[in-house]
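Some notes on the structure that comes next.
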Amino acid sequence: EKEISGLFRLVSAGALLAVPLLLVFKDQLVLLFADASYQSSAKFLPFFFFGWAFDLFCFFSILGIYRSQKTLPQLILFLLAAGIISIANLLLVPAFGLYGAAISFCFTKAAVFFISLVWFRKYFHLRVQPSFLLVLLTSIGCSYSVYVLSALTNVFILAVVFLIAWFYFFKDRFIKKRSQF
């Protein structure tokens with residue numbers, strides 16, 4: 001469980017920091033997968049990228065299901081997710097249109113992750129460090145900056161953030177190697 005928590009820490013930081021990096025190339029991504037008429041859809045990408053990241057995190061949190069060998073909790077979680085997205089779509093899509101659908105998707109994935117994380121804690125002790133929230137907030141801030149700052153400024157900001165994250169995750173190896181000399 002400790003190794004899985006360490007792996008989750010690395011994967012979650014990598015996935016969350018990949019979101020603003022991908023958003024720097026949002027226009028090129030839209031052109032790669034569609035034509036220029038879809039260029040306005042680049043505004044929805046942050047919600048989808050964060051939703052997919054939380055979907056990935058959910059797989060880590062539901063490892064408790066496999067450890068407990070019970071399938072009923074998984075069915076309940078699936079039904080709960082269907083209910084959450086249905087309610088969120090009913091509330092958000094009429095008011096915000098496509099933005100509402102994107103927000104609903106992201107909110108549902110995040111809610112299912114946190115619900116499963118709390119619910120399956122008794123079966124599998126996945127540890128989410130406080131640094132997870134710091135990385136999440138940093139990623140949200142960097143994602144926002146992609147839409148308001150120049151590309152060069154964003155590349156500089158992301159380079160600094162990646163260097164700090166790299167040092168944070170690999171500082172133990174660095175310190176261990178230095179102590180061997």
Side-chain angles (χ1 to χ4, degrees), residues 5-62 81 84-118 126-171:
S5 286
L7 180 62
F8 173 74
R9 191 173 78 169
L10 186 63
V11 167
S12 65
L16 288 175
L17 293 176
V19 171
L21 181 64
L22 288 171
L23 289 175
V24 168
F25 304 104
K26 64 188 177 310
D27 296 327
Q28 291 80 11
L29 287 171
V30 170
L31 290 176
L32 179 66
F33 294 105
D35 62 18
S37 65
Y38 286 88
Q39 205 63 15
S40 63
S41 66
K43 297 178 283 190
F44 307 119
L45 287 178
F47 300 108
F48 289 117
F49 288 159
F50 279 111
W52 290 323
F54 277 110
D55 197 30
L56 171 67
F57 305 159
C58 190
F59 289 114
F60 278 95
S61 65
I62 62 173
I84 291 172
I85 199 161
S86 297
I87 292 169
N89 280 337
L90 285 172
L91 295 174
L92 297 173
V93 171
F96 301 106
L98 290 175
Y99 274 114
I103 292 167
S104 173
F105 173 76
C106 184
F107 173 76
T108 301
K109 295 301 182 178
V112 169
F113 165 66
F114 287 111
I115 289 168
S116 63
L117 186 67
V118 171
L126 181 63
R127 289 156 185 68
V128 175
Q129 306 293 331
S131 60
F132 175 82
L133 293 176
L134 179 64
V135 172
L136 176 63
L137 292 175
T138 301
S139 181
I140 291 170
C142 288
S143 296
Y144 175 75
S145 74
V146 167
Y147 290 91
V148 296
L149 299 175
S150 70
L152 188 60
T153 305
N154 280 304
V155 169
F156 176 75
I157 291 169
L158 288 173
V160 170
V161 168
F162 278 105
L163 282 172
I164 292 169
W166 180 81
F167 177 75
Y168 176 76
F169 286 106
F170 297 109
K171 68 182 175 198

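Residue indices begin at 1 and follow the sequence shown.
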Distance, nearest 0.5 Å, that separates [atom1] of [X] from [atom2] of [Y]:
X    : Y    : atom1 : atom2 : answer
I84  : K109 : CD1   : NZ    : 10.5 Å
L16  : L21  : CG    : CG    : 13.0 Å
L158 : L17  : CG    : CG    : 8.0 Å
S139 : L23  : OG    : CG    : 8.0 Å
L152 : F156 : CG    : CZ    : 9.5 Å
L29  : F49  : CG    : CZ    : 5.5 Å

Exercise. Passes side-chain contact (heavy atoms from CB on, under 4.5 Å), I140 versus Y144? Steps please.
Worked result: CA-CA 6 Å; I140 291 170; Y144 175 75; 5.6 Å; no
For this session: Quickly, which of I87, I85, I103 forms a side chain to side chain contact (heavy atoms under 4.5 Å, CB included) with T108? Name it, please.
Result: I85
Heavy-atom pair with the smallest gap, counting every atom of [X] and [Y]:
X    : Y    : answer
A88  : F107 : CB-CD2, 4.5 Å
C142 : I157 : SG-CG2, 4.0 Å
S104 : N89  : OG-OD1, 2.8 Å
S40  : K43  : O-CE, 3.0 Å

For this session: Tell me, with the steps shown, if V30 and L45 meet side-chain contact (heavy atoms from CB on, under 4.5 Å).
Result: CA-CA 9 Å; V30 170; L45 287 178; 4.2 Å; yes
For this session: Mind running side-chain contact (heavy atoms from CB on, under 4.5 Å) on L136 and F50 for me, showing each step along the way?
Result: CA-CA 9 Å; L136 176 63; F50 279 111; 4.2 Å; yes
Exercise. Can any side-chain N or O of S116 pair as donor or acceptor with the backbone N or O of V112 at less than 3.5 Å?
Worked result: yes
Exercise. Hey, what's the ring geometry for F57 with F132, parallel, tilted or perpendicular (30° and 60° as the breaks)?
Worked result: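 Perpendicular: the ring planes of F57 and F132 meet at over 60°.
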For this session: Please check if atom CG in L32 has more than 12 non-hydrogen atoms from other residues, nucleotides or ligands closer than 6.0 Å.
Result: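 Yes, CG of L32 has more than 12 neighbouring heavy atoms, counting only those of other groups under 6.0 Å.
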Problem set entry | Crowding at OH, Y147 (>12 non-hydrogen neighbours, <6.0 Å) |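 Above 12, so yes.
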For this session: Could you tell me which residues satisfy side-chain hydrogen bond (donor to acceptor under 3.5 Å, both in side chains) with S143, sequence neighbours excluded, listed by chain and number?
Result: none
For this session: Kindly state each residue pair satisfying side-chain hydrogen bond (donor to acceptor under 3.5 Å, both in side chains) with at least one member in residues 150-161, sequence neighbours excluded.
Result: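 Every side-chain hydrogen bond (donor to acceptor under 3.5 Å, both in side chains) pair that includes a residue of residues 150-161, provided the two are not neighbours, is S145-N154, S150-T153.
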Exercise. So F47 and F44, ring pair (Phe, Tyr, Trp, His ring centres under 6.0 Å) or not? Walk me through it.
Worked result: CA-CA 6 Å; F47 300 108; F44 307 119; 7.7 Å; no
Problem set entry | Distance flag, aromatic centroids of F54 and F105, threshold under 6.0 Å | no
